[in-house]
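Here the structure is a predicted model, which means the values were calculated and not measured. Side-chain atoms are counted along with the backbone in the values below, which use heavy atoms only and exclude waters and symmetry mates.
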Amino acid sequence: AEAGLDLRRRATGQLLRAGQIAEGTAQMRQIAAEVELGIPATPRAIGAALLYERARLRLRGLGLRERDPASIDRAELLRMNVCHTIASSVSLHDPLLGTLFQVRYLNMALKTGHAFHAACALASEIGFLSMRGEAAQERVERTATQATALAQRLPEGLPRGLLALSRGIAAFHFGRWQESIGLLDRAEQIFRGECIGAAHEITTAQLFRLVGLFLRGELRVLGERMATFIAEARARDDSWADTLLRAGPQVGYWLADDDLPRARAELAYVQQRWSDEGANVPRLCTFIGGLHVDLYGSDPNAAWGRIKREWQEFARSSLFESQWARVMLYALRAGVALAHLHADHGDSERAGLLRSIETDLDGLRGERTLWATPFVELVHAGLLVVYRQRERAIQLLRAAEQGFRAVDMALYAAAARRRCGQLLGDDAGEQMMASADLTMAEQGVRRPERMARVLAPGFPEASISKPGL
């Protein structure tokens with residue numbers, strides 16, 4: 001019976017990882033019930049269960065008293081495997097449930113003293129904890145130290161692969177894009193060379209690498225990697241990976257090539273194949289990519305409509321616990337609102353739009369992470385243009401450019417520089433714009449003025465040079 005249940009567990013994990021959410025979820029609930037692991041029915045109940053598991057973990061600590069795996073009850077081993085399967089399989093499409101089962105897995109692994117499971121659970125915990133961003137750095141480092149010490153003693157490759165993956169995800173959440181890309185590349189090497197059946201983990205590493213490349217402004221490399229990753233996914237008939245790797249800021253590659261129809265087609269391809277039930281990582285990626293497409297296509301009204309339709313669901317979801325998501329969404333909503341103010345239909349909504357921008361600006365200021373600061377300056381500059389405070393806006397755009405350079409976001413820096421030159425409106429401004437355009441052209445951007453609408457939205461497109469503005 002246990003062997004049959006374990007086979008069903010593995011099959012259910014594959015269904016979930018392949019994007020067969022409805023069928024996989026139904027089977028997952030049945031298997032969890034059979035091993036006496038309840039799955040709460042509502043997000044509120046899941047949150048309460050997570051608080052309980054976190055409290056248990058804090059009380060017992062991360063200490064491990066190792067036991068011989070052969071001495072551990074087989075039923076306990078099966079329960080741990082079920083927790084691990086659920087946590088790793090649902091984390092992208094149901095982050096809150098994934099977090100709950102991750103903490104359950106960690107508690108069980110530490111309690112039973114199983115070194116392999118403890119190493120895997122500790123490694124995975126790093127990625128989950130890091131979603132909170134700067135506030136979680138100390139806990140992440142403590143957990144990483146323990147996970148590293150344990151993983152290095154074990155012969156299996158999976159704990160080391162998960163450790164590199166989670167550390168790469170953590171570096172991503174902390175805004176250290178280059179470090180993240182290096183760690184994720186290392187994780188993929190371990191999964192390919194030392195593990196069996198790790199396609200899901202490889203895809204996760206590839207997704208974060210692609211978004212990291214976009215944020216660093218390495219669009220040429222992004223295009224090459226994306227083509228390779230998607231070809232590999234199709235070769236192994238992995239429709240989930242083929243879908244996931246196209247979603248999100250990666251469409252910036254097609255926008256750089258001025259291929260707006262292709263960017264729209266890529267997003268449509270994803271939306272047709274991925275369930276839009278609930279706020280999850282693929283939907284977040286598609287939402288961000290859709291806003292980028294709207295802005296590039298000079299349609300801020302469509303972008304604002306997209307925000308009005310979907311914002312509240314994201315804001316109420318566990319995704320908003322991710323500092324990275326909050327920074328990106330606050331900056332995008334503020335930029336879109338500013339762009340909408342400058343569009344034909346902005347005046348009738350002016351008061352509400354300005355309140356929304358101020359709210360997002362306050363949200364960005366509250367994040368207190370280095371890479372959020374230039375977004376604060378960028379959005380504030382756009383707001384000052386609305387209030388006709390041109391000189392102060394120029395100062396903030398100069399600061400935003402330097403801030404983006406400091407956090408390794410070269411194309412965002414170029415976009416801020418271009419907006420600054422636009423506001424100057426003189427020969428020096430023209431030189432700044434030319435310099436920014438050259439930086440973008442080096443990454444294959446054919447229409448820098450359009451890419452600036454994506455990366456630094458919310459400024460009038462015409463030069464503003466009158467002293468009073």
Is it the case that [X] and [Y] place a side-chain donor and acceptor less than 3.5 Å from each other?
X	Y	answer
Gln431	Asp427	no
Arg398	Gln395	no
Thr143	Glu125	no
Tyr269	Asp242	yes
Glu188	Gln206	yes
Gln323	His173	no

Checklist line | Non-neighbouring partners of Arg132 that pass salt bridge (charged side-chain N to carboxylate O under 4.0 Å, His left out), sequence neighbours left out | finding: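 Counting only residues at least two positions away or on another chain, Arg132 forms no salt bridge (charged side-chain N to carboxylate O under 4.0 Å, His left out).
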Item checked: Contacts of type side chain to side chain contact (heavy atoms under 4.5 Å, CB included), residue Arg316, not counting sequence neighbours ->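 By the side chain to side chain contact (heavy atoms under 4.5 Å, CB included) rule, Arg316 matches Gln312.
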Check: Which residues pass the side chain to side chain contact (heavy atoms under 4.5 Å, CB included) test with Ala123, sequence neighbours left out?
Finding: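 Counting only residues at least two positions away or on another chain, Ala123 forms a side chain to side chain contact (heavy atoms under 4.5 Å, CB included) with Leu162, Leu163.
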Next item on the list: Can you measure from SG (Cys420) to CD (Glu401) and round to the nearest 0.5 angstrom?
Entry: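 Going from the SG atom of Cys420 to the CD atom of Glu401 covers 7.5 Å.
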Would you check if the side chain of [X] reaches a backbone N or O of [Y] as a donor-acceptor pair within less than 3.5 Å?
X	Y	answer
Gln250	Val211	no
Arg419	Ala456	yes
Ser180	Gly168	yes
Arg326	Glu321	yes
Arg220	Glu442	yes
Trp177	Val407	yes
His84	Ala121	no
Glu53	Val103	no
Thr42	Ala45	yes

Notebook entry, point to check: Do Arg209 and Arg225 pass the side chain to side chain contact (heavy atoms under 4.5 Å, CB included) test, and can you show the C-alpha distance, the side-chain angles, and the key distance before you say yes or no?
Noted result: CA-CA 9 Å; Arg209 281 169 68 192; Arg225 296 288 187 273; 3.8 Å; yes
Next item on the list: For side chain to side chain contact (heavy atoms under 4.5 Å, CB included), just list the numbers for Asp258 and Tyr296, CA-CA rounded to whole Å, side-chain angles, deciding distance to a tenth of an Å, and then say yes or no.
Entry: CA-CA 9 Å; Asp258 198 33; Tyr296 188 89; 2.5 Å; yes
I'd like to know if [X] and [Y] make a salt bridge, using a cut-off of under 4.0 Å between side-chain N and carboxylate O.
X	Y	answer
Glu310	Arg283	yes
Arg447	Glu449	yes
Arg262	Glu266	yes

Check: Aromatic ring centroids of His292 and Phe214 under 6.0 Å?
Finding: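 Yes: the rings meet the under 6.0 Å criterion.
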Item checked: Ring centres under 6.0 angstrom apart (Phe314, Phe320) ->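 Aromatic pair excluded; centres sit 6.0 Å or further apart.
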Next item on the list: Could you walk me through whether Leu341 and Ile357 pass side chain to side chain contact (heavy atoms under 4.5 Å, CB included), step by step?
Entry: CA-CA 11 Å; Leu341 273 174; Ile357 295 162; 3.9 Å; yes
Margin query: Determine whether Glu232 and Arg192 satisfy the following criterion, salt bridge (Lys or Arg N to Asp or Glu O under 4.0 Å), listing intermediate values before the conclusion.
Written below: CA-CA 13 Å; Glu232 289 177 352; Arg192 289 184 184 277; 2.8 Å; yes
